[in-house]
**Q** 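Below you'll find the structure I mean.
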Amino acid sequence: PRLVSECVKTFEKFIGAGREQRRKEFIDYVDTVGSRLTPSQFSKVVDLCDTYMKMNNEMMIQVKRRPWWFKWGVGVVVSVAVGAVIHNAYTKNPKK
């Protein structure tokens with residue numbers, strides 16, 4: 001629960017009223033910090049941002065995927081449904 005509430009607080013910064021102002025402040029801040037870096041430092045920051053964005057994208061993809069047990073759950077549900085239909089058909093029309 002605490003982790004979830006912390007994540008919600010994180011996303012509050014990116015949505016809702018005042019978003020454009022926060023976005024502008026963030027860009028201005030990054031531009032200010034970036035102007036103080038040497039070219040090699042700036043290149044290192046760009047490389048690290050690339051790495052972190054790729055990891056973030058991977059994490060978001062993992063969140064969207066179905067759990068590992070999903071196909072087994074579907075298999076069980078389908079098996080039970082087929083079994084119920086067969087059982088129902090057999091009990092209504094038993095072979096003599």
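Model, not experiment: these values are computed from the prediction.
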**Q** Are Val74 and Val82 co-members of a hydrophobic cluster defined by side-chain heavy atoms under 4.5 Å apart?
**A** yes
**Q** Report the distance from atom CZ of Phe26 to atom CG of Asp28, rounding to the nearest 0.5 Å.
**A** 11.0 Å
**Q** Let me confirm one number: the CG-CZ distance from Asp47 to Phe42, rounded to the nearest 0.5 Å.
**A** 10.5 Å
**Q** Using the rule that Ile, Leu, Val, Met, Phe, Trp and Tyr join whenever any side-chain heavy atoms are under 4.5 Å apart, tell me whether Val85 and Val77 fall into a single cluster.
**A** no
**Q** Would you compute the distance between atom CZ of Arg22 and atom CD1 of Ile27 and round it to the nearest 0.5 angstrom?
**A** 13.0 Å
**Q** Do you reckon Leu48 sits in the same ILVMFWY cluster as Met53, going by side-chain contacts under 4.5 Å, direct or chained?
**A** no
**Q** Ignoring hydrogens and geometry, is there a side-chain-to-backbone donor-acceptor pair from Ser43 to Pro39 under 3.5 Å?
**A** no
**Q** So which heavy atom on Arg36 is nearest to which on Gln41, and how close?
**A** O-OE1, 4.4 Å
